[in-house]
Amino acid sequence: MNSIIANSMNAAIVGARQGLDKASSGITQSSINIAQRSAQTTLEEQGPGQVLANASLQGLKNVRAVLPTAERSVTDDLVSLKLNSINAQASAKVVDVANDTVGRIIDILA
């Protein structure tokens, strides 16, 4: 019985960790997309001749070049950011519940 509990707890923690990793990647990608759009808008409003704006845009282009590309709207990125944030919170809750459960099992067996 103890090995069943241990395996279930390990599976919960591994699943939660994978959820956190996936949510983190989604948050990063959405944030980069939003920052890139913001930089492009700023550049268009202020004019392409400003060195700082060009340097920022070039840096974002370099980052964007190494990431998977997908044409999405800012709304899609904001929704993705929120969704991944919720997924990260849910995964963290799984870790908390697993931790509490292990604590209770130890208390019962002690």
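In what follows, every heavy atom counts, from backbone to side chain, and hydrogens, waters and symmetry copies are set aside.
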Would you list the atom pairs, donor with acceptor, under 3.5 Å between side chains in residues 78-90 and any protein atom, with sequence neighbours excluded?
from	atom 1	to	atom 2	distance (Å)
Ser80	OG	Ser30	OG	2.9
Ser80	OG	Asn84	ND2	3.1
Asn84	ND2	Ser80	O	2.8

Could you point out which residue of Asp76, Asp77, Val74 forms a side chain to side chain contact (heavy atoms under 4.5 Å, CB included) with Asn33?
-> Asp77
Enter the distance from Ile27:CD1 to Ile32:CD1 here, rounded to the nearest 0.5 Å.
-> 12.0 Å
Measuring from Ile13:CD1 to Gln18:CD, what's the distance to the nearest 0.5 Å?
-> 12.5 Å
